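For reference, positions follow the sequence shown, starting with 1. As the structure is a prediction and not an experimental result, all values here were calculated from the model. Only this structure's heavy atoms are used, side chains among them; waters, hydrogens and symmetry mates stay out.
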Amino acid sequence: MAEGMLGGMLGGEEEKPEVEAAEPLPGAEAFAAAVAAKLAGGDPEVARDTSAFLKKQAQLLDTQNRYLEEEHGLRMAHLRHQLAEENMRRFGLRLRVGFQLFLVLLATVIGAGLLVVVYDAFHSRNVIIHSFDIAPGLATTSPGGKIVAASLLDRLTRLQAATRTAADKRGLSNAWTNEISIEIPETGLSVGQFEHLLRARFGHDEQIDGDLTKTDADGLVLTVRGTHVLPKTFADQSGHLESLVNAAAEYIYGESEPGLFAKYLIDADRRDDVIAFAKAHLARVSPEERPILLNYWANAVLDKAAPSAITEALLLYKEALRLKPDYWVAYNNIMDTLGNAGDVEGAIRVGKEMIRNAGGRPGRAPEITYQAYDSLVENDQAMRAEELADIEASGGGTMVTSGGAGGLNVAWADILLHETDTARLRLQTTVWDKNSLSDVAIASFVEALLAAELGDLASSANAWDVFAKTYADPAVAGQNTPMICYAAPIYEEIGQSRKADAALNAVGTLAHPDCYRNRAEVLDLRGDWTGAQEWYVKAIKLAPSYPDGNYYWGVALFKHGDLKGAEEQFRLANHNGPHWADPLKAWGDVLVKQGKTKEALAKYDEALKYAPNWKQLKEAREAAAKQRM
């Protein structure tokens, strides 16, 4: 009832005290006094009771207000504490997830590492050299077992480096250096030892060890043996350990890598050793190694220059190709051999077959193996690029061709591209062996061509004299048979006809298109134009796909005023050698002579694609352009 009365007095149920509390109100006691005063006019007792009631209500409200304020502070503190705990829980959760991810990643890395170790173990083909046993009587006078093994390792490493080949090589290591200190839990084995056990059980490593003993005559005897190497003993009565180690290293390397060892022997000009090694190992090497041995066997036969060398070498190359139809190096060597023997047409035919079998060009055959073919069709830019790639792949020598330091062959290509300054610099900077007849031969050949290109015929003839001396060696003549014929026109032009005839006759009965067309040029210089044309025709018939025959006959026809005949020969030369600039320039010269300036400019522009730095070509084009203006 009091509540109803208070509600009516305060304005009924529609009032909302919680909203009004936000406005400034008089204190509860003042409000009670005001109400009591208003009711005093009615009944003083009621007024007193009402005032007392209202005061108690005011006190209760004050108490509740203080409680709510204190409770609010505590609740806010509690909420802040809960928020801090929640943040800590979230951080802990993130930390735990991150740590778990780290453990997973670590386990993955370790697992991947173990997989790599196991994979490497299964595919390992290293040569591992263990410490040698030293006889008790030598223990105080000879190196220790580790030193002997280290000497053998050093020699094997040098042999491997000496092959200078792009082929995969075995790793060489000594057994006592594999000491990684990380331990595998609960095994007591280091990672290195674990890997060693895996390789020993599942790998294909060549484990080499041996012993050093003394002979009765104070000499030394070194015995080596291996996993797949039969024991072999080497003796030196003079007591020179180094010679024994060298012999043992060559034996181990030959047994472990027969193909690479044959390469080493051929580079060292040990031709008889190559042939003997190939014959002894051909039947027992792997099928993958057999074509390689046949290839180097053929190279050695050619270097020996026996009367039947070309026939025997071609049989070996073809057998290597039969065993490995994609042995592109053998294709290149067949072309080089056929071309050197005079069968230029057959060599070009083999080159086209190689392109077909490689699936076109570019195809499966590396560009480096097209050296012989590009030389035959006068693709001079490609040939120079291949020579440079050959040098890079073989460490300065030549990988797929024989004879001469690599830089000399590149200088030859520079001259064919009419870049005389580049060729001169190349000759000055190339390091070649002046004691090697092969290097002297190619160097003098290039110097003769460069001097002729510069118009210095006397210097060219002097260089040809040097080449002629090296040509007396059968090995040089066998590798560079038709090159001597290039000297004949130079000798004839400076009046040394006897030397010209000697150069042409040096090839004997060899029928080669280069020798035929050089003989034709000599006859033309002597005034025998009829005889010269006969030899030009013979050269073309001998190798109709060879662009040189057509080109040089075209040059001769142009000189004799037969513009129509010259143009036809230049057209044929361009057809057979589409990347050769010389026939295109000569063709442009004929067109200029005929007053066909526009057509001449087109030929000159095409020629510049293949010899962009040819000074005379640029001058001819500028002159033709001025005529057209």
Side-chain angles (χ1 to χ4, degrees), residues 120-121 124-163 169-183 188-258 260-261 264-265 268 270 273 276-277 280-281 284:
D120 288 345
S124 176
R125 293 182 68 249
N126 291 331
V127 176
I128 300 176
I129 304 169
H130 298 268
S131 180
F132 276 49
D133 293 328
I134 307 298
L138 290 173
T140 58
T141 59
S142 69
K146 287 187 178 181
I147 295 177
V148 174
S151 299
L152 183 62
L153 171 65
D154 292 342
R155 180 56 183 156
L156 279 171
T157 304
R158 287 196 296 270
L159 284 172
Q160 189 180 53
T163 57
K169 301 175 184 177
R170 286 192 177 188
L172 296 174
S173 64
N174 44 7
W176 56 86
T177 60
N178 198 11
E179 296 175 354
I180 302 175
S181 59
I182 301 175
E183 297 291 328
L189 293 176
S190 68
V191 171
Q193 292 168 329
F194 176 67
E195 183 179 2
H196 175 74
L197 290 175
L198 284 177
R199 291 191 178 198
R201 178 66 180 85
F202 302 109
H204 307 279
D205 289 345
E206 192 68 65
Q207 306 283 340
I208 301 295
D209 60 17
D211 50 67
L212 181 67
T213 59
K214 187 179 179 181
T215 66
D216 295 337
D218 292 331
L220 293 176
V221 176
L222 180 67
T223 300
V224 293
R225 62 186 65 86
T227 311
H228 304 97
V229 175
L230 294 175
K232 189 167 183 177
T233 298
F234 303 88
D236 189 303
Q237 297 301 328
S238 60
H240 291 158
L241 180 60
E242 183 178 356
S243 63
L244 292 177
V245 170
N246 288 342
E250 288 192 355
Y251 171 68
I252 294 170
Y253 195 54
E255 296 300 307
S256 303
E257 290 288 357
L260 292 180
F261 184 63
Y264 162 75
L265 292 175
R270 292 165 58 177
D273 290 343
F277 179 80
H281 289 75
R284 54 190 178 91

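- Put simply, the side chain of Arg225 reaches to within 4.5 Å of the side chain of Asp209, judged on heavy atoms.
- A pairwise comparison of heavy atoms in Ser131 and Gly145 identifies OG-C, 3.3 Å as the closest pair.
- Every residue two or more places apart in sequence or in another chain that forms a ring pair (Phe, Tyr, Trp, His ring centres under 6.0 Å) with Tyr264 is listed here: Phe261.
- For the salt bridge (charged side-chain N to carboxylate O under 4.0 Å, His left out) test, residues two or more places apart in sequence or in another chain that qualify with Glu250 are Arg155, Arg270.
- Rounding to the nearest 0.5 angstrom, the gap separating the CG atom in Leu152 from the CZ atom in Phe132 is 5.0 Å.
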inquiry  = Using side-chain contact (heavy atoms from CB on, under 4.5 Å), reason through Ile208 and Thr227 one step at a time and then give a plain yes or no.
reply    = CA-CA 7 Å; Ile208 301 295; Thr227 311; over 6 Å; no
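- The side-chain heavy atoms of Val148 and Ile134, taken from C-beta on, include a pair separated by under 4.5 Å.
- For Thr213, the side-chain contact (heavy atoms from CB on, under 4.5 Å) test picks out Ala135, Asp211, Val221, with sequence neighbours left out.
- Proximity of Val229 to Val224: side-chain heavy atoms (C-beta onward) are nowhere separated by under 4.5 Å.
- One finds the CD atom of Gln160 at 10.5 Å from the OG atom of Ser256 (value rounded to the nearest 0.5 Å).
- Counting only heavy atoms from C-beta outward, the side chains of Ile129 and Leu156 approach each other to under 4.5 Å.
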task = Applying side-chain contact (heavy atoms from CB on, under 4.5 Å), run through Glu255 and His281 and close with a yes or a no.
result = CA-CA 9 Å; Glu255 296 300 307; His281 289 75; 2.7 Å; yes
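- The side-chain heavy atoms of Phe234 and Leu220, taken from C-beta on, include no pair separated by under 4.5 Å.
- Rounding to the nearest 0.5 Å places CG of Asp154 at 11.0 Å from CG of Leu159.
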task = Let me see the working for Gln207 and His130 under side-chain contact (heavy atoms from CB on, under 4.5 Å), right down to the final yes or no.
result = CA-CA 7 Å; Gln207 306 283 340; His130 298 268; 2.5 Å; yes
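- Checked against side-chain contact (heavy atoms from CB on, under 4.5 Å), Asp236 has the following partners two or more places apart in sequence or in another chain: Ser238, His240, Ser243, Leu244.
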